[in-house]
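Here the structure comes first, spelled out in structure tokens, and everything after it is commentary.
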Protein chains: 2
Amino acid sequence: MMDSKPPTQAARTRAASLERREGRKRELREQILRAAGEEFTAHGPENFSLRRVAERIGYSPTTIYLYFQNKEALLLSTVEDGFRSFDQTIEDAVNGASDAPAQLEALGRAYIAFGLENPPLYRLMFMQPNTDYLMPRLLGSGTAPADLEAAAQPLHHRVVAQELLVAALQKGIKDGSFRKGDPVLLADALWASVHGLVSLALSPLMAPQHAENVVSPLLSTLINGLKA
Amino acid sequence: MMDSKPPTQAARTRAASLERREGRKRELREQILRAAGEEFTAHGPENFSLRRVAERIGYSPTTIYLYFQNKEALLLSTVEDGFRSFDQTIEDAVNGASDAPAQLEALGRAYIAFGLENPPLYRLMFMQPNTDYLMPRLLGSGTAPADLEAAAQPLHHRVVAQELLVAALQKGIKDGSFRKGDPVLLADALWASVHGLVSLALSPLMAPQHAENVVSPLLSTLINGLKA
DNA sequence: AAATCTTACTTAACGCCGTTAATTTATGCA
DNA sequence: TGCATAAATTAACGGCGTTAAGTAAGATTT
């Protein structure tokens, strides 16, 4: 290491060529991601098909494996933008209100609205089935750790929004708006509630239109319940 | 109609034979249901496979189609017992408490416990994806009405537990325990909350063990929030 | 009791899926 | 121009839900 000779012209053109080649690769990767996003937005995560994505961009199905490890990895990559805009939505909502109760109300409404407006995305982000069924098989094979890491990935994404929620609760507890309690547990309770409403609205069990009527009763009950 | 001649012996043996044959059919049908239940309990609804069910009972895959319309119908039949025991669980919980707040607390705990104790069953009962993606295709084909009815079926099952929940809320509002509000909307808000907690616990996003710690904060916040 | 009809079930096939391995085609480099 | 390497393809495997055609056993009729 540490051989810092002045780069020859050949070396430079070689580097530029490599850069262009990598540019092409990045381009195709993003094209795949775009097509995958459209695919799963149209058909939903559970009917998402690699072969359809490939057909949509005019490549052979196996080409996708040169850019993503497998179907699940492609889906997770697809959803990363979703997590970013989700975090932004939540942050904007919280910043738009001053006192803690108003922040919670805004956060809840923003959360639910995001879910109702992006059904497939929300499903992919927050309604993935637990992989416990697969655990025995995974542990049997040698690929368990990698898969487990992939499964745990969404947890990290959630952190941003959850921190805002916990912070709002802490503030409300400190300034006397809310009664005492573990802010983390309360945050998860609130999260569960709004998530539950979105989940039902995205299932056949509750019409989305009806769900919108439930938003206010739910949020007012929760926030009222936090008060001292 | 109305030909009530005395049945000949031939007619009687014929009837008995038919009865025995139908007994066999019922038996095999239940054998399929049993095997299907074991299958989807073991692998989860999303990895449920007709062919594995067939293999488990030693019949050809297509035999199942002689007893159930398709995979979805078999799964729904599998879950009917689940709905019965669910309703019973909820009813027992509500009957075990006297005043409205205690009833709600008991109902919530029973609901969550049921979900945490029967993950695949709960998933099949309450976490089926909405079929809106398929709507265009279904409407295109001629089988839409039947499929839509099948998809709506869980709604009817829910009714029992929901009526108990609404009744408890009405009672609490009437006797002054709770503040005024539309009992149906409030019921759906409560439902969404407990459903959300179970859903998260059955997803990779929240460990079931952690979810148990959230039960009390969630329920106390909700019930406190209902009070005047 | 033999022939016919019906029922229960199977085999074969279709079109889809995710994924892997081997192979071809294109591209950069000497 | 040849060679190495990268990129993409074709072929194949095993699995899936589902349908249509075929078969073997059972019941019914004569």
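Here is the naming used below: chain letters follow the sequence lines, and residue numbers restart at 1 for every chain. Quick caveat: nothing in here was measured; it's all calculated off a predicted structure.
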Which whole-number value in Å describes the distance from [X] [atom1] to [N] [atom2]?
X     : N      : atom1 : atom2 : answer
A/R29 : D/dA8  : CZ    : P     : 14 Å
A/Q31 : D/dA7  : CD    : C1'   : 15 Å
B/K71 : D/dG15 : NZ    : C1'   : 11 Å
B/L50 : C/dC17 : CG    : C1'   : 16 Å
A/E46 : C/dC17 : CD    : P     : 15 Å
A/E55 : C/dG15 : CD    : C1'   : 13 Å
A/I57 : D/dA8  : CD1   : P     : 10 Å
B/R24 : C/dC9  : CZ    : C1'   : 14 Å

#### Entry: Closest non-hydrogen atom pair between B/I64 and B/L74, with its separation
CG2-CD2, 4.1 Å
### Message
I'd like to know if the side chain of B/N118 reaches the main chain of B/L121, judged simply by a donor and an acceptor atom lying under 3.5 Å from each other, with no hydrogens or angles considered.
### Response
no
#### Entry: Donor-acceptor pair, side chain of A/K25 and main chain of A/Y67, under 3.5 angstrom
no
### Query
Would you say C/dA8 has OP1 or OP2 under 4.0 Å from some side-chain N or O of B/K25?
yes
#### Entry: Plane angle bin for B/Y122 and B/Y111 - parallel if under 30°, tilted between 30 and 60°, otherwise perpendicular
perpendicular
### Query
Using a heavy-atom distance cut-off of less than 4.0 Å, which residues of residues 58-68 of chain A contact DNA chain D?
A/Y59, A/S60, A/T62, A/T63, A/L66, A/Y67
### Message
Among C/dC9, C/dT19, D/dC16, which nucleotide has an atom closest to any side-chain atom of B/R52?
### Response
D/dC16
### Message
Using a 4.0 Å heavy-atom cut-off, does A/L74 contact any base of the nucleic acid, only the sugar-phosphate backbone, or nothing at all?
### Response
nothing
### Task
Run through A/V215, A/N213, A/T221 and flag the one making a side-chain contact (heavy atoms from CB on, under 4.5 Å) with B/L185.
A/N213
### Query
Are side-chain N/O atoms of A/R51 and A/T62 paired as donor and acceptor at under 3.5 Å?
no
### Query
Does B/D81 pair with B/R84 as a salt bridge, N-O distance under 4.0 Å?
yes
### Query
Is B/R51 side chain donor-acceptor paired with the D/dG15 base, going by distance under 3.5 Å alone?
no
